[in-house]
Protein chains: 2
Amino acid sequence: MDTTALDDPTSPCSIEQALGLVGDRWSMLVLRDTFRGLRRFDEIRRDLGIPRAVLSDRLRRLVDAGILARRRYQDHPPRDEYRLTEMGRELSPILVALMHWGDRWLQEGEPPTVLVHSACGEPLELGFHCSSCHVDFGPLEISSRHRQEAS
Amino acid sequence: MDTTALDDPTSPCSIEQALGLVGDRWSMLVLRDTFRGLRRFDEIRRDLGIPRAVLSDRLRRLVDAGILARRRYQDHPPRDEYRLTEMGRELSPILVALMHWGDRWLQEGEPPTVLVHSACGEPLELGFHCSSCHVDFGPLEISSRHRQEAS
DNA sequence: CTAGGCGGGTTCAGGTTCCGAACCAAGTCG
DNA sequence: CGACTTGGTTCGGAACCTGAACCCGCCTAG
């Protein structure tokens with residue numbers, strides 16, 4: 001078996017860069033909440049029990065990064081809400097992977113929430129797929145290929 | 001508004017629990033290194049530039065959690081190495097998802113590393129799949145179903 | 001007009017965590 | 001013996017997180 005699936009010895013690592021944005025505990029939880037449909041400061045604050053100053057900071061950073069968009073939903077008492085951008089929505093595999101892993105290894109009994117394919121209501125799978133072979137496969141069948149630096 | 005079960009505050013969230021273990025920046029990077037084949041304290045420390053005390057603490061926590069196993073590889077100068085357990089190896093979708101997302105949104109130009117299906121060498125895709133409909137789909141087609149608390 | 005309340009923050013004191021550097025210990029090398 | 005390596009621990013100061021208090025714009029009640 002090949003344990004070098006994620007081998008990346010030299011280059012600027014995308015994992016590292018991604019973690020620089022969403023690699024702290026609160027950011028991920030804020031994003032989980034936005035995926036769940038929460039959009040307003042106080043909704044999220046109450047749900048997470050996060051200190052206001054920290055939430056304020058995280059939201060600002062996520063907006064600056066382009067993951068969330070701030071959008072005014074009423075003018076008179078000026079009120080904003082936070083919505084996922086496309087960049088933000090594409091974080092979903094990370095959250096789904098975290099959730100599945102937590103379900104399998106940390107949760108006693110049945111998972112509290114199951115994600116399903118909205119078209120049919122059946123539980124979704126998250127997996128690796130080869131569009132060439134038209135097969136799904138697991139982590140042990142991954143290899144890595146590095147960009148040639150010399151050219 | 002009421003998203004009913006969607007924001008049930010009492011259900012223990014697997015994402016939250018998972019983040020409790022691997023939700024800080026260093027833990028994930030330590031795991032990335034172990035996926036890359038690094039196993040020894042100083043290898044990892046040099047690679048990440050992590051302070052010794054922090055690495056020591058993270059390794060202890062990951063071992064306690066069952067994600068890494070400490071294994072003596074020589075007796076005379078007593079030396080241990082850290083290896084992924086199965087629980088640890090199954091974190092790979094999370095790292096792959098982080099990497100893909102970073103490649104797409106944070107990386108200039110071509111990704112430095114491409115993960116491929118080892119059987120054919122073609123780049124792998126990570127996506128949601130419905131085993132009932134036999135289709136792959138994106139984040140917009142996910143719904144969630146919560147366990148009935150029945151009371 | 002004043003009081004109070006809400007959403008969305010900022011500021012501040014105190015505690016925790018992180019960091020870099022120094023040190024320790026066990027063993028090996030010259 | 002002294003120097004060097006691996007795998008840590010200990011330490012003081014910097015950075016960060018936390019809870020509580022406060023502020024602002026606006027609304028409603030009295």
Side-chain angles (χ1 to χ4, degrees), chain A residues 16-17 19-34 36-65 67-84 88, chain B residues 1-3 7 9 15-17 19-34 36-65 67-84 88:
Chain A
E16 207 166 334
Q17 296 196 54
L19 289 174
L21 290 181
V22 297
D24 68 283
R25 175 182 168 74
W26 286 126
S27 293
M28 275 291 185
L29 291 175
V30 168
L31 290 167
R32 183 204 62 179
D33 273 12
T34 60
R36 283 168 48 189
L38 307 189
R39 293 197 174 87
R40 283 145 75 154
F41 189 92
D42 242 41
E43 271 179 327
I44 299 171
R45 188 189 62 76
R46 265 194 301 269
D47 182 69
L48 296 181
I50 183 176
R52 293 160 176 282
V54 177
L55 178 56
S56 182
D57 177 73
R58 291 304 180 277
L59 288 172
R60 195 180 311 118
R61 279 165 47 174
L62 291 170
V63 168
D64 289 349
I67 293 168
L68 294 180
R70 184 181 211 153
R71 160 178 305 214
R72 179 133 315 182
Y73 66 91
Q74 70 179 31
D75 262 320
H76 253 325
R79 294 282 179 268
D80 298 310
E81 63 183 12
Y82 299 88
R83 284 165 173 268
L84 288 165
Chain B
M1 84 151 199
D2 163 64
T3 47
D7 54 350
I15 293 174
E16 207 166 334
Q17 296 195 55
L19 289 174
L21 290 181
V22 297
D24 68 283
R25 174 182 169 73
W26 286 126
S27 293
M28 275 291 185
L29 290 175
V30 167
L31 290 167
R32 183 204 61 179
D33 273 13
T34 61
R36 283 167 47 187
L38 306 189
R39 294 198 174 87
R40 284 144 74 154
F41 190 92
D42 242 42
E43 269 179 327
I44 298 171
R45 188 189 61 77
R46 266 194 301 270
D47 182 70
L48 296 181
I50 182 176
R52 293 160 175 282
V54 177
L55 178 56
S56 183
D57 177 73
R58 291 304 181 276
L59 288 171
R60 195 180 311 117
R61 280 164 47 174
L62 291 169
V63 168
D64 288 350
I67 293 169
L68 295 180
R70 183 181 212 151
R71 161 180 303 215
R72 177 134 314 182
Y73 66 91
Q74 71 180 29
D75 263 321
H76 253 322
R79 294 285 180 267
D80 298 311
E81 63 181 13
Y82 299 87
R83 285 165 172 267
L84 288 164

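No hydrogens, no waters, no symmetry mates; every other heavy atom, side chains included, goes into these values.
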Exercise. Do the side chains of Phe41(A) and Arg79(A) get nearer than 4.5 Å, heavy atoms only?
Worked result: no
Problem set entry | N or O in side chain of Ser56(B) less than 4.0 angstrom from dG7(D) OP1/OP2 | no
For this session: Check the distance between dG8(D)'s C1' and Glu43(B)'s CD and give it to me in whole angstrom.
Result: 16 Å
Problem set entry | For Glu81(A), all residues meeting side-chain contact (heavy atoms from CB on, under 4.5 Å), sequence neighbours excluded | Arg39(A), Arg40(A), Arg71(A), Tyr73(A), Arg83(A)
Exercise. Starting at CG of Leu48(B) and ending at P of dG20(C), how long is that distance when rounded to a whole Å?
Worked result: 12 Å
Exercise. Would you say a side-chain N or O of Tyr73(B) is under 4.0 Å from OP1 or OP2 of dG7(D)?
Worked result: yes
Problem set entry | Base-contact (B) and sugar-phosphate-only (S) positions in nucleotides 18-30 of chain D, heavy-atom cut-off under 4.0 Å, - elsewhere | BS-B---BSS---
For this session: Could you please spell out the steps behind the side-chain contact (heavy atoms from CB on, under 4.5 Å) verdict for Arg58(B) and Asp24(B)?
Result: CA-CA 10 Å; Arg58(B) 291 304 181 276; Asp24(B) 68 283; 2.8 Å; yes
For this session: Remember a base hit wins even if backbone is also touched, and classify Arg40(A) as base, sugar-phosphate or nothing at under 4.0 Å, heavy atoms.
Result: sugar-phosphate
Problem set entry | Interatomic distance where CZ belongs to Arg71(B) and P belongs to dG7(D) [whole Å] | 15 Å
Problem set entry | Between C1' of dT5(D) and CZ of Phe41(B), the distance in whole Å | 13 Å
Exercise. Could you go step by step and tell me if Leu55(B) and Arg52(B) meet the side-chain contact (heavy atoms from CB on, under 4.5 Å) rule?
Worked result: CA-CA 5 Å; Leu55(B) 178 56; Arg52(B) 293 160 175 282; 5.8 Å; no
For this session: Respond yes when some side-chain nitrogen or oxygen of Arg39(B) is under 4.0 Å from OP1 or OP2 of dG7(D), and no when none is.
Result: no
Problem set entry | Nearest-Å distance for atom pair CG/P, residues Leu59(A) and dG9(C) | 7 Å
Exercise. Roughly how many Å is it from CZ in Arg72(B) to P in dG27(C), rounded to a whole number?
Worked result: 10 Å
Seminar exercise, completed: Rounded to whole Å, CZ of Arg25(B) lies from C1' of dC19(C) at a distance of 14 Å
For this session: Describe the nucleic acid contact of Arg60(A) in one word from base, sugar-phosphate, nothing, applying a heavy-atom distance below 4.0 Å.
Result: sugar-phosphate
For this session: Compare all side-chain heavy atoms of Leu21(A) with those of Arg61(A) and state whether any distance is below 4.5 angstrom.
Result: no
Exercise. Quick one: Asp57(B) CG to dC18(C) P, roughly how many Å, whole number?
Worked result: 7 Å
For this session: Could you check if a side-chain atom of Leu19(B) sits within less than 4.5 angstrom of a side-chain atom of Arg32(A), using non-hydrogen atoms only?
Result: no
Exercise. How is Arg58(A) classified with respect to the nucleic acid when contacts are heavy atoms under 4.0 Å: base, sugar-phosphate, or nothing?
Worked result: sugar-phosphate
Problem set entry | Under 3.5 Å: donor-acceptor pair, side chain of Thr34(B), backbone of Leu31(B) | yes
